[in-house]
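Structure record follows, encoded as structure tokens.
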Amino acid sequence: GRCTMAIEHAQPGQPIDVSPLGERLAQQSTFAVFKAQDLEVMRLVLAAGKSLPPHKVPGEITIHCIEGRLEITTPTHKAILEPGNLVLLSGGEVHAVLALQASSALVTVALKK
């Protein structure tokens, strides 16, 4: 297949492949899929046991698990995301993400002006 390592930021109307990385997961790191005026979409890639330390952003976030298992922790709750699961996090809410196994997820961030 063609190399998808250096993804050009997609143009509106252009389909983007966000299917599971499978065995390419180990070689891939987190990358931006696109950044528009009000929206940023990233492919989060975490090896088993790796985490994003607690952080927050001003806008709402969705995390859509594509493969693996992710544990999302906020001050008020903990959720396990499996492939096909999506979670909404409120803007300004502190959250941490832990990969229980090698995982990738689509993360959408609403950009607050």
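All figures in this text were calculated on a predicted structure; none of them were measured in a lab.
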Does anything in residues 88-110 pair up under salt bridge (Lys or Arg N to Asp or Glu O under 4.0 Å), and if so which pairs, sequence neighbours excluded?
none
Set of side-chain hydrogen bond (donor to acceptor under 3.5 Å, both in side chains) partners for H95, sequence neighbours left out
H55
Main chain of Q101, side chain of S103: is a donor-acceptor contact present, judged purely on distance under 3.5 Å?
yes
Which heavy atom in A96 sits nearest to a heavy atom in P53, and how many Å separate them?
CB-C, 4.3 Å
By salt bridge (Lys or Arg N to Asp or Glu O under 4.0 Å) - contacts of E82 (at least two apart):
R69
Indicate the atoms forming the closest heavy-atom contact of A110 with L39, along with that distance.
CA-CD1, 4.4 Å
Go through the structure and list residues passing salt bridge (Lys or Arg N to Asp or Glu O under 4.0 Å) with E40, not counting sequence neighbours.
none
ring-ring contact (aromatic ring centres under 6.0 Å, His included): pairs with one or both residues in residues 64-84, sequence neighbours excluded
none
Could you tell me the separation between the CG atom of L21 and the CD atom of Q28, rounded to the nearest 0.5 Å?
5.5 Å
Partners passing side-chain hydrogen bond (donor to acceptor under 3.5 Å, both in side chains) against S104 (at least two apart in sequence or in another chain):
R43, E67
Same hydrophobic cluster for L86 and I66, using side-chain heavy-atom links shorter than 4.5 Å among ILVMFWY?
no
Considering all heavy atoms, the nearest A47-A99 contact:
O-CB, 3.4 Å
Please confirm whether the backbone N or O of Q11 pairs with a side-chain atom of Q14, one donor and one acceptor, at under 3.5 Å?
yes
side-chain contact (heavy atoms from CB on, under 4.5 Å) against S51, all qualifying residues, sequence neighbours excluded
L98
Of all residues at least two apart in sequence or in a different chain, which pass the side-chain hydrogen bond (donor to acceptor under 3.5 Å, both in side chains) check with E71?
none
The complete set of ring-ring contact (aromatic ring centres under 6.0 Å, His included) pairs with one or both residues in residues 35-54, sequence neighbours excluded, reads none
Quick one: list whatever passes side-chain contact (heavy atoms from CB on, under 4.5 Å) with P58, sequence neighbours left out.
K112
Linking directly or through intermediates, with side-chain heavy atoms under 4.5 Å: list the remaining ILVMFWY members grouped with I63, chain and number order.
M42, L44, L46, L52, V57, I61, L70, I72, L81, V87, L89, V97, V107, V109, L111
Listed by chain and number, what are the side-chain hydrogen bond (donor to acceptor under 3.5 Å, both in side chains) partners of D38, not counting sequence neighbours?
K113
